[in-house]
Amino acid sequence: MKILVTVKEVAEAEDDFEIDGLGISERYLEYDLNEWDDYAVEEAVGIAEAGDDVEVVSVTIGPERAEETVRMALAKGVDRAIRVWDETLAGTEMLDVGAKADILAAVVEAEDPDLVFTGVQANDDAFGATGVALADTVGFEWAAVVNALDLDAEGGVAHVRRELEGGVEELTDVSLPAVLTIQTGINEPRYASLRGIRQAQRKELDVQGLADLGLDASVVESPVSLTAMYEPEAEGEATVFEGSAEDTAGQLADLLRDKGVVEG
Amino acid sequence: MSAADVLAVAEHRQGGLRDVSFELITAGRELADQQGGDLHLAVVGGDVEAFAEELNREGVDAIHTVAEGEEFNHDVYVQVVEQLAADLAPGTVLMPNSVNGLDYAPAVAERLDVPIVTDAIGLSREDGTLEVTREMYGSKVETTVEVDAEEVAVTVRPTEWPQAEGEGSADVRAFDAEIDESAVRSTVTGFEEVTGGDVDISEADVLVSVGRGIEEEENIELVERLADALGATLSSSRPIVDAGWLPKNRQVGQSGKVVTPKVYIAIGISGAVQHVAGMKGSDTIVAINTDPNAPIMDLADYAIVDDLFEVVPALIEEFQ
């Protein structure tokens with residue numbers, strides 16, 4: 001069995017930051033493996049460890065810098081990785097959901113996995129749509145926001161729980177091959193061990209361009225474009241308690257007494 | 001129909017329409033007005049007649065009922081919405097940015113070969129171009145996304161628009177979708193409530209709620225001591241439950257409990273949108289956070305911009 005896990009290097013903004021044009025200035029950004037993808041990697045590696053003959057392959061769309069996060073996935077037990085990038089992608093301002101789905105679909109067609117795991121969303125652009133769009137593009141079945149998985153590989157069925165709103169979970173059976181978008185909390189992602197990190201350096205990390213995937217530049221053409229980025233206007237009219245920790249704690253204590261919600 | 005028209009898809013679960021259905025009416029009406037078009041609704045599955053009656057609010061021009069199944073199944077929804085959109089040819093298909101919305105909307109966009117923009121918090125049409133407002137970087141920035149296409153699929157963030165009210169006079173029509181059963185490869189086998197347990201945080205008058213800022217599992221005890229000192233109940237944001245530091249029944253948010261206490265004290269919680277959805281109805285919101293720009297600060301009535309490891313012990317001291 002083969003499991004393909006899509007991973008993304010995401011940028012996180014520091015508490016204080018400045019916007020430069022259509023993005024946050026580079027010096028205020030830190031890069032990391034997308035949180036949801038970390039759980040997706042763990043889920044795949046866990047299945048591989050529990051069963052025989054399971055290969056886990058990661059794919060990312062991203063520049064050379066992204067290799068750091070892909071190596072992180074390799075260090076956690078992914079067998080090999082593919083990074084999709086070339087000049088066309090480097091020159092593209094924004095990859096929309098359709099473009100990402102088409103690029104990843106080409107990888108799915110080349111790799112022919114039984115299962116694809118993606119994170120529910122990426123915490124930078126928060127589109128949350130690539131996994132389901134990918135599934136439909138390649139004709140796989142899918143389930144979004146999966147927080148428990150019981151895989152019956154022989155029966156060709158994934159028994160999943162989908163985390164709905166308000167503490168309700170939906171139990172669903174999904175036919176394989178399938179794309180599952182993985183929710184945080186489904187497992188406990190491991191830390192990469194030193195041994196894992198050393199081994200990751202020796203694992204295959206294949207860089208492929210659009211042409212290698214049988215795609216041309218038209219795949220990134222998109223009617224969707226980012227035209228403005230700004231800090232939202234503060235709507236809050238919070239009373240900010242000032243002073244030392246003792247001062248502010250004292251003011252908050254007074255407030256709670258005034259509200260009559262505490263005694264003492 | 002024309003490109004000026006809007007088709008919005010209602011959402012229901014376990015026999016009841018979800019609030020987002022009525023919010024979609026408001027969002028859809030606003031957009032249709034800007035474009036000079038009509039607002040059509042679709043309701044798929046369950047007691048569609050009763051749902052249609054409830055959805056018939058001011059501003060809705062037509063409601064299309066599709067009696068296919070009882071509960072949400074994305075394989076059915078995708079086929080129905082694709083067929084309805086092909087039939088009506090609206091310029092915009094609006095769907096909820098809910099868990100189920102995200103389980104079918106991207107596939108609808110693929111089938112219709114139209115772009116999709118998710119999690120809209122604002123919509124406007126300028127010179128024929130749709131402008132969608134959305135957030136990035138954990139709500140730290142807002143962005144405008146332009147969609148230069150005749151037809152587009154958009155998912156709308158729940159609780160962002162007010163719910164439509166007032167009785168409507170929509171034309172209710174049954175739509176006969178042709179479902180290819182061989183393409184239905186997923187089966188919903190049941191539902192389970194998972195927020196049970198010894199404590200019901202939605203009953204508490206005062207909630208002391210802890211988030212990622214607490215850093216380590218062993219530090220939870222500090223906030224627990226504060227809750228004890230205040231006679232309050234301990235709750236948390238999602239990362240704390242994901243890490244297994246508190247049980248699921250303590251989780252406040254979209255996927256946890258919706259709470260409305262007299263006082264909600266958010267400690268080391270940045271205020272992700274999913275969390276805010278669960279606590280913004282609290283009477284008084286207090287935030288303790290080192291980041292003055294954290295989204296929770298926009299919601300707070302009172303705030304302490306300081307290290308929680310300084311403030312919480314001082315606060316415990318006050319009540320001991």
Side-chain angles (χ1 to χ4, degrees), chain A residues 13 15 19 24 96-98 123-129 132-133 136-137 141 143-145 162-175 184-185 188 222-232 234-236 238-241 245-246 248-250 252-253 255-256 259 261-262 264, chain B residues 98-99 102-103 106-107 110 115-119 136-138 140-149 185-195 205-206 230-231 241-242 244 254-258 262-263 284 286 291 293 297-306 310-311 314-315 318-319:
Chain A
D15 287 351
I19 291 169
I24 291 179
D96 78 352
V97 172
N123 58 5
D124 51 1
D125 66 16
F127 260 89
V132 172
D136 200 61
T137 304
E141 187 49 39
V145 194
R162 295 181 55 238
E163 185 186 75
L164 305 180
E165 295 87 352
V168 177
E169 292 183 353
E170 179 198 280
L171 285 68
T172 300
D173 291 345
V174 178
S175 306
T184 61
E188 279 185 49
S222 165
V224 181
S225 55
L226 189 65
T227 54
M229 180 178 289
Y230 47 91
E231 288 192 57
E235 292 164 22
T239 302
V240 180
F241 295 137
E246 287 72 25
T248 55
L252 176 52
L255 172 79
L256 296 175
K259 297 262 169 208
V261 293
V262 291
Chain B
S98 58
V99 171
L102 285 176
D103 195 43
E110 283 295 322
I116 182 167
V117 181
T118 60
D119 206 17
M136 277 180 70
Y137 299 108
K140 283 187 171 172
V141 300
E142 268 180 29
T143 63
T144 307
V145 169
E146 270 185 21
V147 191
D148 187 15
R185 293 167 293 163
S186 69
T187 315
V188 178
T189 57
F191 294 94
E192 257 179 42
E193 300 268 351
V194 290
T195 49
D205 276 348
V206 183
L230 297 177
V241 172
D242 280 348
Q254 209 167 55
S255 56
K257 280 265 183 185
V258 174
K262 287 184 186 153
V263 177
T284 300
V286 181
D291 177 10
N293 301 317
M297 294 296 178
D298 258 356
L299 213 67
D301 301 292
Y302 299 90
I304 296 174
V305 182
D306 203 347
E310 303 277 333
V311 177
L315 200 51
E318 283 280 336
F319 290 98

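All chains are named by letter (A, B, ...) in the order of the sequence lines, taking the proteins before the strands, and each is independently numbered beginning at 1. Bear in mind the structure is a predicted one, so any value in this text is a computation, not a measurement.
Shortest non-hydrogen contact noted between B:Met136 and A:Asp125 is CG-CA, 3.9 Å. In terms of heavy-atom proximity, B:Glu318 sits nearest to A:Ala253 at OE1-CB, 3.6 Å. Of all heavy-atom pairs spanning B:Thr118 and A:Ala129, the tightest one is CG2-CB, 3.9 Å. When all heavy atoms of A:Ala245 and B:Ala314 are compared, the pair lying nearest together is O-CB, 3.9 Å. The two residues A:Ala133 and B:Pro106 make their nearest non-hydrogen contact at N-CB, 3.7 Å. Contact detail for A:Val132 and B:Asp103: the closest heavy-atom pair is CG1-O, 4.0 Å.
Counting heavy-atom pairs closer than 4.5 Å to chain A, the top residue among B:Thr187, B:Val263, B:Asp306 is B:Thr187. For the set A:Val240, A:Thr248, A:Thr227, the count of heavy-atom pairs under 4.5 angstrom toward chain B peaks at A:Thr227. In terms of heavy-atom pairs under 4.5 angstrom with chain B, the leader among A:Pro223, A:Gly98, A:Ala249 is A:Pro223. Among the candidates A:Ile24, A:Ile19, A:Asp96, the residue making the largest number of heavy-atom pairs closer than 4.5 Å to chain B is A:Ile24. Options B:Val188, B:Leu299, B:Asp205 differ in how many heavy-atom pairs under 4.5 Å they form with chain A, and the most are formed by B:Val188. When each of B:Glu310, B:Gln254, B:Glu192 is checked for heavy-atom pairs under 4.5 Å with chain A, B:Glu192 comes out on top. Your options are B:Val258, B:Val147, B:Val141, B:Val145, and the one with the most heavy-atom pairs under 4.5 Å with chain A is B:Val141. Of all the listed residues (A:Glu163, A:Glu188, A:Glu231), the one sharing the greatest number of non-hydrogen pairs under 4.5 Å with chain B is A:Glu163. When the candidates A:Val174, A:Thr184, A:Val97 are compared by the number of heavy-atom contacts under 4.5 Å with chain B, A:Thr184 comes out ahead. The choice from A:Gly185, A:Ser225, A:Gly250, A:Ala143 that makes the most heavy-atom pairs within less than 4.5 Å of chain B is A:Ser225.
Every salt bridge (charged side-chain N to carboxylate O under 4.0 Å, His left out) that B:Asp242 has, sequence neighbours left out, goes to B:Arg238. Residues forming a salt bridge (charged side-chain N to carboxylate O under 4.0 Å, His left out) with A:Glu165 (at least two apart in sequence, or on another chain): B:Arg13, B:Arg18.
Using a 4.5 Å cut-off between heavy atoms, A:Asp173 contacts chain B through both its backbone and its side chain. Contact annotation for B:Val206: only side-chain heavy atoms (C-beta onward) come within less than 4.5 Å of a heavy atom of chain A. For a residue to count as touching a neighbouring chain, one of its non-hydrogen atoms must lie under 4.5 Å from one of that chain's; by this rule A:Asp136 touches chain B with the side chain only. In this structure, the portion of B:Asp301 lying under 4.5 Å from any heavy atom of chain A is its backbone and not its side chain. With a 4.5 Å cut-off on non-hydrogen atoms, A:Val145 touches chain B through its side chain but not through its backbone. With a 4.5 angstrom heavy-atom cutoff, B:Val311 touches chain A via backbone and side-chain atoms both. Only the side chain of B:Lys262 comes within less than 4.5 Å of a heavy atom in chain A; its backbone stays farther off.
Side-chain contact between B:Val117 and A:Val224 is present, with at least one heavy-atom pair separated by less than 4.5 Å. At a threshold of 4.5 Å between non-hydrogen side-chain atoms, the residues A:Leu255 and B:Val286 count as touching.
Atom CG of A:Leu256 is separated from atom CG of B:Leu230 by 6.0 Å, given to the nearest 0.5 angstrom. Note that OG of B:Ser255 is 13.0 Å distant from CZ of A:Arg162, once rounded to the nearest 0.5 Å. Taking OH of B:Tyr302 as the reference point, atom NZ of A:Lys259 lies at 5.0 Å (rounded to 0.5 Å).
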